[in-house]
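Notes to accompany the following structure.
Predicted, not measured: the structure shown is a model, and the values here were computed from it. We count residues from 1, following the sequence as given.
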Amino acid sequence: MATKKTILNTFETGRGYDREDWDAVEFPELSDEELARMRPAQEVLPPAFFKAMEDHRRSRGRPAVAHPKKQITLRLDEDVITKFRETGKGWQGRLNAALRKAVGI
């Protein structure tokens with residue numbers, strides 16, 4: 001579940017900084033002129049930046065496989081599942097290997 005960030009406008013103790021640190025940081029509000037000069041990122045950043053960001057986004061996670069496994073629902077006897085689970089972590093892969101061997105693949 002996502003949590004909403006709270007923005008602190010006043011100093012509070014016990015948050016990892018002291019009053020001197022709080023006072024040293026200035027966050028002036030933007031003027032009307034500064035707001036008027038603002039442009040969307042796509043207008044000011046080169047297209048290569050967005051391509052790199054998209055390439056990075058796509059590179060996350062597991063790499064694509066040539067023949068991905070397909071999820072199905074299969075009812076097995078409880079004792080068969082128990083026996084495979086007793087073999088520890090990776091029991092689903094060992095069950096898959098046993099099925100492949102059984103069908104001659």
Side-chain angles (χ1 to χ4, degrees):
M1 182 167 81
T3 58
K4 186 176 180 181
K5 284 188 176 182
T6 57
I7 298 174
L8 298 178
N9 295 325
T10 58
F11 173 75
E12 293 180 14
T13 58
R15 299 187 63 94
Y17 46 84
D18 59 21
R19 181 65 176 203
E20 186 178 323
D21 292 335
W22 177 268
D23 291 338
V25 177
E26 292 187 34
F27 295 107
E29 291 197 21
L30 295 174
S31 68
D32 291 337
E33 180 184 327
E34 290 171 319
L35 286 171
R37 287 195 326 249
M38 290 185 135
R39 295 287 173 258
Q42 289 185 337
E43 288 182 15
V44 294
L45 294 174
F49 171 81
F50 296 99
K51 182 181 181 328
M53 293 297 291
E54 181 63 18
D55 291 347
H56 173 71
R57 186 190 65 78
R58 289 185 183 182
S59 70
R60 296 179 62 186
R62 290 180 178 245
V65 294
H67 303 287
K69 293 184 179 182
K70 181 176 173 114
Q71 182 174 352
I72 64 164
T73 300
L74 176 65
R75 293 181 181 270
L76 299 171
D77 293 330
E78 189 174 338
D79 57 340
V80 172
I81 296 171
T82 302
K83 201 67 165 174
F84 273 94
R85 279 190 174 160
E86 287 174 354
T87 65
K89 190 174 182 176
W91 67 270
Q92 296 98 330
R94 287 187 291 280
L95 178 57
N96 186 60
L99 290 170
R100 291 178 67 83
K101 185 176 178 181
V103 297
I105 299 177

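To the nearest 0.5 angstrom, Gln42 atom CD is 10.5 Å from Phe49 atom CZ. Atom CZ of Arg85 is separated from atom CZ of Arg94 by 12.5 Å, given to the nearest 0.5 angstrom. Between Arg58 atom CZ and His56 atom NE2 the span is 13.5 Å, to the nearest 0.5 Å. Rounded to the nearest 0.5 angstrom, Glu29 CD and Glu34 CD are separated by 11.0 Å. Here CG of Leu35 is found 10.5 Å from CD of Glu33. Values are rounded to the nearest 0.5 Å. From Trp22, atom CH2 reaches atom OG1 of Thr13 across 12.0 Å, with rounding to the nearest 0.5 Å.
Other residues, nucleotides and ligands contribute at most 12 non-hydrogen atoms within 6.0 Å of the CD atom of Glu78. Other residues, nucleotides and ligands contribute more than 12 heavy atoms inside 6.0 Å of the CG atom of Asp55.
Taking 4.0 Å as the cut-off between side-chain N and carboxylate O, Lys51 and Glu54 do not count as a salt-bridged pair. Ionic pairing of Asp79 and Lys83 is not present here: no N-O contact between side-chain nitrogen and carboxylate oxygen is shorter than 4.0 angstrom.
Linking Ile, Leu, Val, Met, Phe, Trp and Tyr whenever their side-chain heavy atoms come within less than 4.5 Å puts Leu76 and Phe84 in one cluster. By the rule that hydrophobic residues join a cluster once side-chain heavy atoms approach within less than 4.5 Å of another member, Val103 and Leu95 end up as members of separate clusters.
Residues Ile81 and Trp91 approach most closely at CG2-CH2, 4.2 Å, considering heavy atoms.
When the side chain to side chain contact (heavy atoms under 4.5 Å, CB included) test is applied to Ala41, the partners found at least two apart in sequence or on another chain are Leu45, Phe50.
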